[in-house]
> 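One structure, pasted below without further comment.
Everything quoted here is computed from the prediction, not taken from an experiment.
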There are 2 protein chains.
Amino acid sequence: MAMPTPTEHAAKVADTAQDTHEALVSGRDRLLACAADAFAQRGYAGTSVAAIAERAALSKSTVFHHFPTKRALYLAVIEKAVADFSQTLDSVLDEARPLDRQLEDYQCQHIAHILDNDQVTQLVLRELQKNASKDSAHLVSDVLSANFQRLVDFISQAQNHGLIRDHVDPSVTALTLISANVFYFQHRKVLRYLPNFTCADQPRRYAQSVSELIFHGLNGEHPQ
Amino acid sequence: MAMPTPTEHAAKVADTAQDTHEALVSGRDRLLACAADAFAQRGYAGTSVAAIAERAALSKSTVFHHFPTKRALYLAVIEKAVADFSQTLDSVLDEARPLDRQLEDYQCQHIAHILDNDQVTQLVLRELQKNASKDSAHLVSDVLSANFQRLVDFISQAQNHGLIRDHVDPSVTALTLISANVFYFQHRKVLRYLPNFTCADQPRRYAQSVSELIFHGLNGEHPQ
DNA sequence: TGATGTCCTGACCGATCGGTCGGTCGGGAC
DNA sequence: GTCCCGACCGACCGATCGGTCAGGACATCA
């Protein structure tokens with residue numbers, strides 16, 4: 001399935017491709033990667049097939065050789081993004097350590113992950129925002145539920161052990177934690193212009209502050 | 001400046017316009033309203049001038065009579081949205097009442113407001129997400145800063161009065177509160193598919209839960 | 001050597017895009 | 001009356017859109 005030899009054409013590609021996907025020898029893989037970038041940056045309607053082909057140093061026709069329609073390419077990109085997204089954050093919440101430390105670690109790892117995979121994250125978020133009805137139901141159960149359910153279970157468990165007061169809603173807590181990170185991710189470039197906000201370029205510090213806030217609350221005791 | 005008489009054309013418009021903007025007699029106002037809907041639903045690139053004109057029951061040429069370019073129409077829509085956005089939530093945090101009640105009220109009013117003006121909110125959020133650099137700097141200072149700074153000041157003040165522990169960062173707190181509402185707004189349709197999340201269709205209850213959580217924290221005392 | 005299949009290409013298609021142009025129409029000003 | 005003006009329109013433009021098609025380059029297998 002893999003290409004046997006880097007042909008003369010592939011050598012030319014390595015010279016002309018302007019992205020970070022030069023290492024991908026397969027035209028199809030290069031298309032997927034470049035399309036992900038393009039769709040994430042400009043959206044579906046704002047991205048032309050010709051632009052994707054140019055990024056991948058291929059002709060527009062070749063795009064339609066690998067994918068029947070533009071929409072099919074888009075869905076393939078989304079599918080790959082979801083697959084990549086779902087295989088992380090699996091080991092943070094399991095160890096036997098203080099509750100607040102686990103929450104802090106989860107929050108830090110989560111924000112680091114979405115910042116590392118920013119193109120893909122933006123794509124998934126954009127997809128989650130619009131259709132919402134039938135199409136993206138599986139998207140939710142695959143991506144959002146993965147993080148969400150893991151957090152909810154963890155909080156519920158801690159609640160059953162008496163480590164968290166009974167009155168809090170685990171699902172609301174989980175959503176608040178995720179919201180903070182997603183909002184930071186979506187608007188991080190613009191947060192720099194906010195006066196009094198000092199975490200704009202320090203995601204880790206932000207995640208720590210949020211988890212500390214959620215854990216102790218505004219009127220809690222023993223801040224440290 | 002206002003139209004003197006509803007001409008025969010205006011009467012025809014009232015019949016054919018399929019939106020909720022039939023009451024707007026001025027073609028320009030109708031264009032702005034319909035363009036806001038269209039841009040919010042399909043984005044800038046996904047919305048054609050012809051589609052906007054059709055919604056407003058006008059010809060495409062008339063759009064260019066009122067606005068020099070499609071981009072100018074888009075900016076006019078954004079500008080109007082920002083102006084509408086900035087003149088709310090002014091009186092919630094001023095009264096002399098318990099801190100937790102004020103926070104709860106703010107959170108409830110804020111989420112109600114963005115849900116009521118969903119098209120416009122979506123437009124502003126979408127604009128905030130992308131450019132981020134020079135273009136939308138004023139957008140931030142106008143919209144986000146308006147809510148943000150008000151909240152930060154309020155929390156800082158309460159902190160100075162000893163009502164909030166010193167260790168919390170007011171700006172992080174404000175951002176967490178806003179994040180929760182924005183995330184709920186952006187993904188509310190999809191949250192229904194989340195198991196264990198019971199607030200998907202109860203924004204007020206969600207806002208109350210969030211403010212309660214932020215105020216008391218996970219390990220706080222006296223839940224009620 | 002020829003047949004076959006994959007990858008890729010340039011030329012081309014109809015449709016639609018944003019935008020222009022010339023012109024119609026009705027209502028004040030005088 | 002007639003003059004002007006803003007609102008509005010149909011027809012049209014070049015450019016670009018997504019997508020098609022016939023065929024070339026090349027590797028594999030017979």
> Rounded to whole angstroms, how far apart are CG on A/Leu58 and P on C/dT6?
18 Å
> Classify the side-chain pair B/Thr62/B/Ser59 by whether it contains a donor and acceptor separated by less than 3.5 Å.
yes
> Under a 4.5 Å cut-off applied to non-hydrogen side-chain atoms, are A/Arg188 and A/Asp118 in contact?
yes
> Under 3.5 Å, which protein N or O atoms sit close to an N or O of nucleotides 10-14 of chain C? Give each pair with its distance.
| residue | atom | partner | partner atom | Å |
| --- | --- | --- | --- | --- |
| C/dG10 | N7 | A/Ser61 | OG | 3.3 |
| C/dG10 | O6 | A/Ser61 | OG | 2.0 |

> What is the separation between atom CG on A/Asp29 and atom P on C/dC8, rounded to the nearest whole Å?
11 Å
> According to the interplanar angle, ranging from 0 to 90°, do the rings of A/His187 and A/Phe183 count as parallel (below 30°), tilted (30 to 60°) or perpendicular (above 60°)?
tilted
> Quick one: sort the A/Tyr184 and A/Tyr206 rings into parallel, tilted or perpendicular, breaks at 30° and 60°.
parallel
> Can you tell me if B/His66 touches the phosphate of D/dG6, counting only side-chain N or O atoms and a distance under 4.0 Å to OP1 or OP2?
no
> Are A/Tyr44 and A/Glu127 linked by a side-chain donor-acceptor pair shorter than 3.5 Å?
no
> Starting at CD of A/Glu54 and ending at C1' of D/dG18, how long is that distance when rounded to a whole Å?
17 Å
> Would you check if A/Leu151 and A/Leu103 make a side-chain contact, meaning some heavy-atom pair closer than 4.5 Å?
yes
> Would a 4.5 Å heavy-atom cut-off, applied to side chains only, mark A/Phe197 and A/Cys199 as touching?
yes
> Quick one about A/Gln149 and A/Asp153 (side-chain donor to acceptor, distance below 3.5 Å, no hydrogens or angles considered), yes or no?
yes
> Does any residue of residues 38-48 of chain B have a heavy atom under 4.0 Å from DNA chain C, and if so, which ones, in number order?
B/Thr47, B/Ser48
> Let's see if you can work this out: which of C/dG18, D/dG18, D/dC9 has an atom nearest to the side-chain heavy atoms of B/Phe64?
C/dG18
> Taking atom P of C/dG19 as reference, at what distance in whole Å does atom NZ of B/Lys70 sit?
8 Å
> Are a donor atom and an acceptor atom from the side chains of B/Arg205 and B/Thr198 found within less than 3.5 Å of each other?
yes
> I need the CZ-P distance between A/Arg28 and C/dC8, as an integer number of Å.
12 Å
> D/dC8, OP1 or OP2 - any side-chain N/O from B/His65 closer than 4.0 Å?
no
> Among D/dG18, C/dG18, C/dT9, which is the nearest nucleotide to the side chain of B/Val49?
C/dG18
> Starting at atom CZ of A/Phe67, determine the distance to atom P of C/dC8, rounded to an integer number of angstrom.
11 Å
> How many whole angstroms separate atom CZ of B/Arg71 from atom P of C/dG19?
11 Å
